[in-house]
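Before any comments, here is the structure.
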Amino acid sequence: MRPRLHYAWIVALVTFVVLLVTAGIRATPGVLMISLEGEFGWSRAVISGAVAINIALFGLIGPFAASVMDRWGLRRVVLCAVALLGISVALSTRMQNQWQLTLLWGVLVGTGTGVTSMVLAAIVANRWFDERRGLVLGVLSAANATGQSVFLPILAS
């Protein structure tokens, strides 16, 4: 009889993909900086300001996200964060002004990626795994790190 895949591994796989994609999204402005400068004539200070807000919110949201996940549920909060990211990225194709960059990539993407940061990995590892908790947390940490470097080949070209 073949052993069945435990549902916890499916949760870990979905979390891996979410962390990989959201880390890639958060790192995107670094790749787009020169294009944004050329297309809109925005200064690097403006673009860097939006990125700084993004990074600050990414770090600050985590503890609050964990509390919200405990209160309203992991699935609901992560789905809302991913929806926020999807809407923010979609709307960024329509941005024309500097304030839109700050709002979309600074505030909204920073908030969405803050919810899906390493706090999410820690919660999934602690909730779903007893024996292989360290392995799962390590793999989910790798997803976060890999997602941040997914655009490095583009920068090299």
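Evaluation of the ring pair (Phe, Tyr, Trp, His ring centres under 6.0 Å) rule for Phe40 yields Trp42 as partners, not counting sequence neighbours. Listed by chain and number, the residues in a side chain to side chain contact (heavy atoms under 4.5 Å, CB included) with Ala8 are His6, Trp128, Phe129 (sequence neighbours excluded). Here Leu108 pairs with Leu84, Ser88, Leu103, Leu104 under the side chain to side chain contact (heavy atoms under 4.5 Å, CB included) rule; sequence neighbours left out. Asn97 meets the side-chain hydrogen bond (donor to acceptor under 3.5 Å, both in side chains) test with no other residue; sequence neighbours excluded.
Considering every non-hydrogen atom in both Ala81 and Gly112, the closest pair reads CB-O, 3.8 Å. Of all non-hydrogen atoms in Leu140 and Ala12, the two that sit nearest each other are CD2-O, 3.6 Å. Closest heavy-atom contact between Ala66 and Val119: CB-CG1, 3.5 Å.
Cluster note: Ile55 groups with Val51 through ILVMFWY side-chain heavy atoms spaced under 4.5 Å, whether in direct contact or through intervening members. Apart from Leu137 itself, the hydrophobic cluster it occupies contains Met118, where clustering links Ile, Leu, Val, Met, Phe, Trp and Tyr at side-chain heavy-atom distances under 4.5 Å. In the hydrophobic clustering (ILVMFWY side chains linked at under 4.5 Å, chained through shared members), Phe58 stands by itself.
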Tell me which donor-acceptor pairs under 3.5 Å the side chains of residues 13-24 have, and how far apart each pair is, sequence neighbours excluded?
residue: Thr15; atom: OG1; partner: Val11; partner atom: O; Å: 2.8
residue: Thr22; atom: OG1; partner: Val18; partner atom: O; Å: 2.8
residue: Thr22; atom: OG1; partner: Leu19; partner atom: O; Å: 3.4
residue: Thr22; atom: OG1; partner: Thr116; partner atom: OG1; Å: 3.2

Q: Tell me, with the steps shown, if Arg26 and Asn144 meet side-chain contact (heavy atoms from CB on, under 4.5 Å).
A: CA-CA 10 Å; Arg26 194 188 65 69; Asn144 193 25; over 6 Å; no
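Of the possible donor and acceptor atoms, one in the side chain of Thr93 sits under 3.5 Å from a partner among the backbone N and O of Ala90.
We find the CE-CD1 distance between Met33 and Ile47 to be 5.5 Å, quoted to the nearest 0.5 Å. The structure places CG of Leu60 at 11.0 Å from OG of Ser117, a figure rounded to the nearest 0.5 Å. To the nearest 0.5 angstrom, Ile25 atom CD1 is 5.0 Å from Leu85 atom CG.
Within a 6.0 Å sphere centred on CD1 of Ile34, other residues, nucleotides and ligands contribute 12 heavy atoms or fewer. The environment of Arg133 atom CZ is dense: over 12 non-hydrogen atoms of other residues, nucleotides or ligands sit within 6.0 angstrom.
Using a 4.5 Å cut-off between side-chain heavy atoms of Ile, Leu, Val, Met, Phe, Trp and Tyr, with links allowed through other members, Leu79 and Leu120 fall into different hydrophobic clusters. Both Ile61 and Ile87 sit in one connected hydrophobic cluster of ILVMFWY residues. Membership requires side-chain heavy atoms under 4.5 Å apart, directly or through other members. Follow the hydrophobic side-chain contacts under 4.5 Å out from Val109 and you reach Leu91 in the same cluster.
The salt bridge (Lys or Arg N to Asp or Glu O under 4.0 Å) analysis of residues 34-43, with sequence neighbours excluded, yields the pairs Glu37-Arg44. Under the side-chain hydrogen bond (donor to acceptor under 3.5 Å, both in side chains) criterion, the residue pairs touching residues 45-70 are Asp70-Arg127, with sequence neighbours excluded. Pairs of residues two or more places apart, or lying in two chains, never qualify as side-chain hydrogen bond (donor to acceptor under 3.5 Å, both in side chains) while including a residue from residues 100-113. Annotation: side-chain hydrogen bond (donor to acceptor under 3.5 Å, both in side chains) contacts involving residues 71-85, sequence neighbours excluded, are absent.
In this structure, Val115 and Val82 have side chains that are not in contact, with every pair of non-hydrogen atoms separated by 4.5 Å or more.
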